[in-house]
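This report refers to the structure that appears directly beneath it.
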Amino acid sequence: MKVIKFGGSSVASAEQLKKVLSIVTGDSGRRFVVVSAPGKRTNKDKKVTDLLIQFYNAVVYKHDTDELIREIVARYTEIAAEFQVDDDIENTFSAELRQLQENFDEADPYALDSFLASGENLNAQLVAACFQKNGVRARYINPKELGITVSNEPQNARILEESYEKIYQWRDSEDILIIPGFFGYTTDGHLCTFSRGGSDITGSIVAAGLKVDLYENFTDVDGIFAASPKYIHDPELIEYATYREIRELTYAGFTVFHDEALMPAFKAQIPVIIKNTNNPECQGTLIKKSFENVSRNEVVGVASDGGFCGITVGKYLLNREVGIVRRILQILEDLNICFEHMPSGIDDISIILRERQLTRDIEAELMKQIEEKIKPDQLSIEHGLSVVALVGEGMRERPGTTSDSTAALARKNVNLRMISQGADERSIIFAIRSEQERLAVRSLYYTFFD
Ligand code: ASP
């Protein structure tokens with residue numbers, strides 16, 4: 001039994017939906033289908049979710065919405081026409097969008113969530129109708145009926161544990177269930193979405209709840225590559241990866257799979273496979289806890305991400321000052337700032353943060369508090385950093401990975417601002433200047449891959 005999820009580009013047009021239909025009907029184990037909202041048909045196209053944000057803004061600012069509603073609904077009617085769906089999609093979908101507009105309440109913290117979620121919600125209804133038209137016993141199911149209960153965090157919901165038992169009740173459904181991704185309901189009944197790209201999370205939750213054998217995530221690339229095609233021409237496909245490797249790679253910038261989506265599948269030990277709707281024969285990337293009898297590279301991937309900054313706090317005899325790290329972390333906590341890495345020397349500590357957390361005021365406050373409460377001899381902040389991560393469970397058994405990578409970076413004159421290696425030696429993370437990100441990824445990739 002499998003849960004299968006299709007991303008926006010896989011459901012962007014009738015042509016794509018025909019591929020989806022043939023993939024689902026090609027395997028009788030594919031009984032639970034999670035769909036995104038229609039994505040881009042071409043590079044210049046807009047995702048329905050982005051159109052819905054425009055629609056929401058038009059409602060907020062009391063602009064005319066007729067044209068936008070028409071544009072959104074047209075994305076669905078175009079598909080419905082090709083599948084000769086008899087239902088009056090144009091009128092029912094327009095009415096649903098108008099209803100959103102009428103119910104809009106500026107003071108409601110969940111107002112945007114309902115607009116965002118309607119992209120997937122309407123799509124799941126349409127996909128069910130298209131399947132039925134082709135003789136498939138499929139039906140739309142709302143996440144509330146399915147049992148997806150989430151935390152009270154608008155646009156950033158988290159799943160509540162109680163959901164899994166409820167979802168399990170649907171295991172023996174006779175119909176193929178078509179489930180809209182991206183949202184659930186809070187215990188007090190508010191519709192609440194996950195963060196952007198969150199249909200991957202829904203798929204993982206449903207797979208964990210139903211305890212299926214496999215979660216198939218269909219997208220528009222052959223799987224997860226060992227490095228970003230942005231930097232490497234034709235990079236190797238990662239055929240087998242562990243949950244932890246994918247977690248590290250998505251942390252450091254891989255975007256094929258939403259970084260929160262792995263957790264439910266990981267906890268329930270459901271294998272995940274990333275596959276291509278446009279090339280379903282390709283084996284894709286299989287993600288599991290561990291692998292036996294398959295040969296895998298010691299290093300599985302090189303990831304990178306920008307938007308970091310580093311704060312360096314230096315103080316003579318810092319190593320002898322009891323509680324100093326706790327006091328620094330307390331300042332971060334008081335200002336609600338997460339840190340990513342904290343490498344230390346004898347008399348200094350660096351704190352690597354995501355830059356987007358720092359407005360000018362927050363940065364000034366942070367530096368002021370460190371100055372006052374820590375009284376450092378040296379305090380500085382460096383913006384414009386990237387992290388580059390070398391990831392692979394097998395690195396533990398490969399002597400010299402760190403020296404090979406630092407040598408490769410040195411040959412290209414990449415200046416290292418920080419090196420951090422987790423205790424389990426599953427990844428080595430380098431902080432470098434963002435201008436050198438491309439160079440760093442290329443030199444590491446060509447050191448560990450052909
Ligand atoms: N449609 C939503 C978005 O664009 C969620 C998703 O596609 O996963 O973010």
Side-chain angles (χ1 to χ4, degrees), residues 3-13 16-17 19-20 32-57 68 71-76 79 93 96-97 100 110-127 140-143 146 148 150 153-159 178-185 191-208 215-221 224 246 250 254-265 272-278:
V3 166
I4 182 164
K5 181 256 167 183
F6 292 95
S9 56
S10 305
V11 288
S13 64
Q16 289 300 85
L17 202 56
K19 297 179 191 166
V20 166
F32 304 93
V33 182
V34 176
V35 290
S36 283
K40 295 182 182 188
R41 293 159 293 189
T42 59
N43 271 349
K44 288 200 187 112
D45 203 10
K46 284 190 183 147
K47 289 178 167 197
V48 164
T49 311
D50 292 326
L51 289 172
L52 287 162
I53 295 175
Q54 257 176 277
F55 173 41
Y56 169 83
N57 286 327
L68 267 171
E71 193 178 346
I72 296 167
V73 172
R75 294 294 308 269
Y76 298 100
I79 298 174
F93 284 16
E96 285 205 31
L97 296 178
L100 280 176
Y110 298 94
L112 174 58
D113 297 58
S114 300
F115 281 73
L116 288 171
S118 58
E120 322 339 73
N121 204 31
L122 298 178
N123 204 30
Q125 296 173 43
L126 174 67
V127 171
Y140 157 85
I141 184 167
N142 184 278
L146 187 65
I148 301 185
V150 298
E153 292 167 276
Q155 296 131 61
N156 199 20
R158 269 171 301 161
I159 192 71
I178 312 292
I179 305 158
F182 193 33
F183 67 100
Y185 288 82
L191 186 160
C192 189
T193 69
F194 299 113
S195 52
R196 285 296 304 265
S199 299
D200 282 347
I201 308 178
T202 302
S204 184
I205 290 166
V206 176
Y215 169 27
E216 297 177 298
N217 190 294
F218 274 75
T219 174
D220 53 7
V221 288
I224 298 179
I246 296 299
T250 42
F254 276 27
T255 54
V256 176
F257 197 49
H258 193 296
D259 62 352
E260 287 170 50
L262 216 49
M263 205 29 132
V272 180
I273 192 160
I274 313 285
K275 287 187 65 105
N276 190 350
T277 303
N278 306 318

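Just so it is clear, the values below take in all heavy atoms, side chains as well, and ignore hydrogens, waters and symmetry mates. Indexing begins at 1, ligand by ligand and atom by atom, following the structure's order.
At a heavy-atom cutoff of 4.0 Å, ligand 1 is surrounded by Ser36, Lys47, Thr49, Glu120, Phe182, Arg196, Gly197, Gly198, Ser199.
Look at Asp45 and Arg75 and you find a salt bridge, because one of the NZ, NE, NH1 or NH2 atoms lies within 4.0 Å of a carboxylate O, short of that distance.
In this view, Phe218 and Phe6 satisfy the ring pair (Phe, Tyr, Trp, His ring centres under 6.0 Å) rule, not counting sequence neighbours. In this structure Gln125 satisfies the side chain to side chain donor-acceptor pair (under 3.5 Å) test with no other residue, sequence neighbours excluded. Residues meeting the side-chain contact (heavy atoms from CB on, under 4.5 Å) test with Val221, sequence neighbours left out: Thr219, Phe225, Val256.
By the 30° and 60° cut-offs, the orientation of the rings of Tyr76 relative to Phe93 is perpendicular.
A donor-acceptor contact under 3.5 angstrom links the side chains of Ser195 and His258, judged on distance only.
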